[in-house]
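Given the structure is predicted, the values throughout are model-derived calculations rather than measurements. When a ligand or atom number is given, it counts from 1 through the structure's own listing order. Every heavy atom of this structure was used, including side-chain atoms; hydrogens, water molecules and symmetry mates were not.
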Amino acid sequence: MKIKLINPNTTWSMTDKIGACARAVARPGTQVVAVSPAMGPVSIESHYDEALAAPGLLQEIAVGERDGCDGYVIACFGDPGLKAARELARGPVLGIAEAAMHVASLIGSAFSVVTTLERTIGQAWHLAEAYGMKRFCANVRACELPVLDLERPGSDARTRITDECRRALAEDGSDVIVLGCAGMTDLCEHIAGTLGVPVVDGVAAATTMVEALVALRLSTSKQGELARPLPKAMVGMLKGFTLHDVPASLHQAA
Ligand code: 5HY
């Protein structure tokens, strides 16, 4: 099977790290492709960034459909463009926040999300609510760390995130940690080893869950809300996103 991980920000050092971590958990025989779009923000830290990351993300889904990808992971904790991507793709599409929260709810009584900037806390709570995970979420905390500090050699990102996770366990009454950024994927083992509790990395969780769905021959239903978008013209800068009719046989994965 072929799984495409899309890091909707355009920082390739983070994309390569995400790809390496996904390959480390993928089954033998699963081909993992990790990409950043050709357009979009270098990091996603606001609703504005998320909105402007969506076209590039959807372009990568369209390319993946032509390349015969079996499933997709949106490797950004805001799960930007998730529903639109599900409309476009035949195979399953998972966001890392969605996957991480569901996995965390299976292995503990309550989880704390530890994310980057304070201003992204609201979006994490919004997603927890939307996914029916609010009752498992003890708290969402931020380290006030810009996303790109995770890519800066010599930054104290790892220490600050580990300390915030430790505070979460002491103060939130949680027994599981959810990492609130794709760029934290390579810190998972260290933090789990240091704190002695389960730490969930959404990149790994989403990759293995997409694999399981593909192996179950399950994909996004095209009956109703997530059916392929109706073909229509797009004008201006988005002209290239014009959707044309596709043969019925391609509407639903075999
Ligand atoms: C992420 N931003 O996972 C989110 C994290 C965040 O560029 N990749 C980003 O802070 O929302």
Among V178, V199, V114, find the residue that satisfies the side-chain contact (heavy atoms from CB on, under 4.5 Å) test when tested with C165.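 Single pass found, and it is V114.
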
May I ask you to list the atoms of ligand 1 that are less than 4.0 angstrom from any heavy atom of A182?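 Atoms satisfying the 4.0 Å criterion: 1 (C), 3 (O).
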
Those atoms of ligand 1 less than 4.0 Å from some heavy atom in G180: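 In order of numbering, the contacting atoms are 5 (C).
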
Tell me the closest heavy-atom pair linking [X] and [Y], and the distance in Å.
X	Y	result
A128	M101	CA-SD, 3.7 Å
E151	T11	CG-CG2, 4.2 Å
P92	D70	CD-O, 3.3 Å

To which of V203, L150, I121, I44 does the heavy atom nearest atom 11 (O) of ligand 1 belong?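 Among V203, L150, I121, I44, the closest heavy atom to atom 11 (O) of ligand 1 comes from I44.
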
Heavy atom to atom 6 (C) of ligand 1, shortest distance: which of L117, L145, T116 holds it?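 It is T116 whose heavy atom sits nearest to atom 6 (C) of ligand 1.
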
[X] heavy atom under 4.0 Å from ligand 1:
X	answer
S43	yes
C76	yes
A53	no

What residue and heavy atom of the protein are closest to atom 5 (C) of ligand 1, and at what distance?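 I find the closest protein heavy atom is C181 SG, 3.5 Å.
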
